[in-house]
Amino acid sequence: MAHGIRIGYGLLIATLLALWPSGKAKAAIDAYSLGARYDGTQSNITFKVYSSRATRIEVWLYKTPSGAQEVAHYVMTKDSTTNIWSKTASVSTLQNTYGITGPVYYGYRAWGPNWTYSSSWTKGSSIGFVKDIDAAGNRFNPNKLLLDPYTREISQDPNTSSCNDGTIYASGASYRAIDSGACAPKGIVLATDTSSIGTKPTGAFKDDVVYEVHVRGLTMNDTSLPIYQRGTYAGAAQKASYLASLGVTAVEFLPVQETQNDQNDIDPNSDTGDNYWGYMTLNWFAPDRRYAFDKSAGGPTREWKAMVKAFHDAGIKVYVDTVYNHTGEGGPWGGTDGLTVYNLLSWRGLDNPTYYSLTSDYQHPWDNTGVGGNYNTHNPIAQNLIVDSLAYWRDALGVDGFRFDLASVLGNTCEHGCYNFDKMDSGNALNRIVAELPPRPASGGAGIELIAEPWAIGGNSYQVGGFPSGWSEWNGMYRDAVRQAQNKLGVATVTTGTLATRFAGSSDLYGDDGRQPWNSVNFLVAHDGFTLSDLYAYNTKQNSQAWPYGPSDGGEDNNNSWDQGGSALNQRRATRTGMALMLLSAGVPMMTGGDEALRTTFGNNNPYNLDSVANWLLWSRDSFESDFQTFTQRMIAFRKTHPALRPATFYSGVDNNGNVMEQLRWFKPDGAQADSAYFNDGNNHAIAWRIDGSEFGDSASAIYIAYNGWSAQVNFVLPWAGNGKQWYRVTDTATWNEGANTVAVPGSEALIGGEYATYGLEARSVLVLIAK
């Protein structure tokens, strides 16, 4: 699913560039001291930045965030041991001599072998220029004001309505002498914020239900909120109680680290140049100011923390989607200068070969991302930036877990001239993150969740099931198997054995390296692709729609989707069946925002560029949407009530407590035990399983689940329910069972019968029974 999205990102970059242009090292560096920091008395500010290749760095100070020239600049001093450049400035001097009485805004200018320092240099001149890039990969250019990689907030996006010429950030003959200082995003010197993030939830990941959503999209359409709160962290905080009532235990926000997205507001009724999803990060510490109502210096940080506290107070963890595989500086772009033209915003202008993985000749990016080239994840200094920013979001900003975009790039074992994923390499970023940011224990407690999108582009980057210990993964094989089973009958072969493995936690992927079912994040849809409702309502992507539902380029062509023959009744059945299967499977279920209420993008499966109602959740409900929300809410509650559905380890096929019932047993529709011949026969499309609840301390002595993937009814012969027990129906997702009570309220389950009773299960439906 990722490939189509990356194509979409590619056009996003092209559009933005038309506006922006047509380990050992860790031990030696106290990385938390990097950036700009006040001393304990607030009397001095020390600026620190890393560069191993610069020959001179200056820090330039500004009174205002944008549109004005500097008021002071200082030459920085290099520590030859650590390659840290530093300068301490007196606050009183800044106030009395330079008139900086408010927030201090700053950036860096750097010289190096490809652009040597001369005292004759002035802003906008080419004095000292040698070449845009030298043989060692250096891209220094003092005309470009560079953002501090360790700043805690940034002043504004590179492009704004008053600074909309993106060429000022570019290299190449046409652009290298353009000074970017007045318009460039600047770091902000902030005092430590002491506001509360509440008490972090400590529940086990196996018990989580994850809700993936965009901060802005969550509330932009919510008319119950004041206009100023819609689309903000403050607005999102107001949804904590709703998500808690739905049963969600973890909210996973699409990227909230700073990215170029104020551009979206230049023409709010167009997708031109828009970056809605936010997968082009400009800084890994700063909360995105666009999502803050309070945009004053320090305001985004305070508002973010207040939102986190609201979710924590509701018992909900906060996860963030992070992008450490590439950056918002983008890749090469064309024009008269060809591949010499690059944006210099931060990392590239400070130490290009340290922060980026390059080709063997050091002239171009090595690209497994499709959006400008790999971040140099195997370099210890570049890793510091990853680890330090994660620690900051965990400790200072209260985050409970992280999802990593294109995480296979973090498993790269090669800095330049190659790519190779190797989970056994102790020096890769994946293993370092686990070592320095301990994951939450299996039974819960302190720690964080580490969730990988386990693929990238090219090489050996498709690594579903291939990540090291400590990592959970988006299980793309679960998604594909269930989608094909539901939507591709007679087209794609999915054996009942494959389905059984996926429903039981994918032991083939996670059981061979000490991981467990809860390391599988089970999902049917995510932000990149169809919504859950659209998965069962469209045969092909519909990305060429007019605004506000398009147009969007790219998008996956092989979606394993089907419109159920155009029947709205059957579409709703398929949506219930898909949601039920996900919530009944061992592993951790993840849904996307609005899927609980049949959200639609009318078939656009790659709306990365639509900052519009296409991506904003609706908060009104018709009867069908309301019924499905109730269905989802009750199915989540059923999952949370029954620990047998949330195993800490893989199910066994034996009787572990002497009650003559195996912990898990698979059945054919005729009631006989499913064997390898049945599992491996691609002509079979119905499977059932029984879990012994007594082995999990479950309130139900047994749970029986049947899935009929055929196009016609299948009669299931029910198995033994236990001594003196009979089967009671919790839900049947069939078309006859629509309405608010599709899932029975506990205590009102209908009696079905005991052993050998027969149940006729409608096509493409799921049945859930409990023994009592």
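Residue numbers count from 1 along this sequence. Here the structure is a predicted model, which means the values were calculated and not measured.
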Q: If you look only at pairs with a residue in residues 738-772, which of them pass as a ring pair (Phe, Tyr, Trp, His ring centres under 6.0 Å), with sequence neighbours excluded?
A: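 For residues 738-772: none.
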Q: Tell me every residue that passes side chain to side chain contact (heavy atoms under 4.5 Å, CB included) with Ser567, counting only those two or more places apart in sequence or in another chain.
A: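 Ser567 satisfies side chain to side chain contact (heavy atoms under 4.5 Å, CB included) with Leu569, Asn570 only.
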Q: Looking at Arg515 and Glu473, is any side-chain nitrogen of the basic one under 4.0 Å from a carboxylate oxygen of the acidic one?
A: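 Yes, this pair counts.
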Q: Only counting residues at least two apart or in another chain, list the ones meeting side chain to side chain contact (heavy atoms under 4.5 Å, CB included) with Ser676.
A: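 Testing Ser676 for side chain to side chain contact (heavy atoms under 4.5 Å, CB included), a comparison that skips the adjacent residues, returns Asn680.
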Q: Can you list everything that forms a salt bridge (charged side-chain N to carboxylate O under 4.0 Å, His left out) with Asp692? Sequence neighbours excluded, please.
A: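 Not a single residue meets the salt bridge (charged side-chain N to carboxylate O under 4.0 Å, His left out) criterion with Asp692.
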Q: Can I get a per-line list of side-chain donor-acceptor pairs under 3.5 Å for residues 235-243, giving both atom names and the distance, sequence neighbours left out?
A:
{"unit_1": "Lys239", "atom_1": "NZ", "unit_2": "Asp222", "atom_2": "OD2", "d": "2.5"}
{"unit_1": "Tyr242", "atom_1": "OH", "unit_2": "Glu596", "atom_2": "OE2", "d": "2.6"}

Q: With Phe602, which residues qualify under ring-ring contact (aromatic ring centres under 6.0 Å, His included), at least two apart?
A: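 Phe602 satisfies ring-ring contact (aromatic ring centres under 6.0 Å, His included) with Tyr549 once adjacent residues are dropped.
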Q: Going by ring-ring contact (aromatic ring centres under 6.0 Å, His included), name the residues that satisfy it together with Tyr211, two or more places apart in sequence or in a different chain.
A: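 For Tyr211 there are no ring-ring contact (aromatic ring centres under 6.0 Å, His included) partners, ignoring immediate neighbours.
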Q: Please list, chain by chain and in numerical order, all residues satisfying ring-ring contact (aromatic ring centres under 6.0 Å, His included) with Phe638, sequence neighbours excluded.
A: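 Phe638 satisfies ring-ring contact (aromatic ring centres under 6.0 Å, His included) with His642 once adjacent residues are dropped.
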Q: Would you please name every residue forming a side chain to side chain contact (heavy atoms under 4.5 Å, CB included) with Asn737, sequence neighbours left out?
A: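 Thr731, Asp732, Thr742.
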Q: Identify, with sequence neighbours excluded, every residue that meets salt bridge (charged side-chain N to carboxylate O under 4.0 Å, His left out) alongside Glu762.
A: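 Scan of Glu762 (salt bridge (charged side-chain N to carboxylate O under 4.0 Å, His left out), adjacent residues dropped) gives Arg573.
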Q: With Asp313, which residues qualify under side chain to side chain contact (heavy atoms under 4.5 Å, CB included), at least two apart?
A: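 Residues passing side chain to side chain contact (heavy atoms under 4.5 Å, CB included) with Asp313: Lys309.
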Q: ring-ring contact (aromatic ring centres under 6.0 Å, His included) with Tyr704: which residues, sequence neighbours excluded?
A: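 Only Trp727 meet the ring-ring contact (aromatic ring centres under 6.0 Å, His included) criterion with Tyr704.
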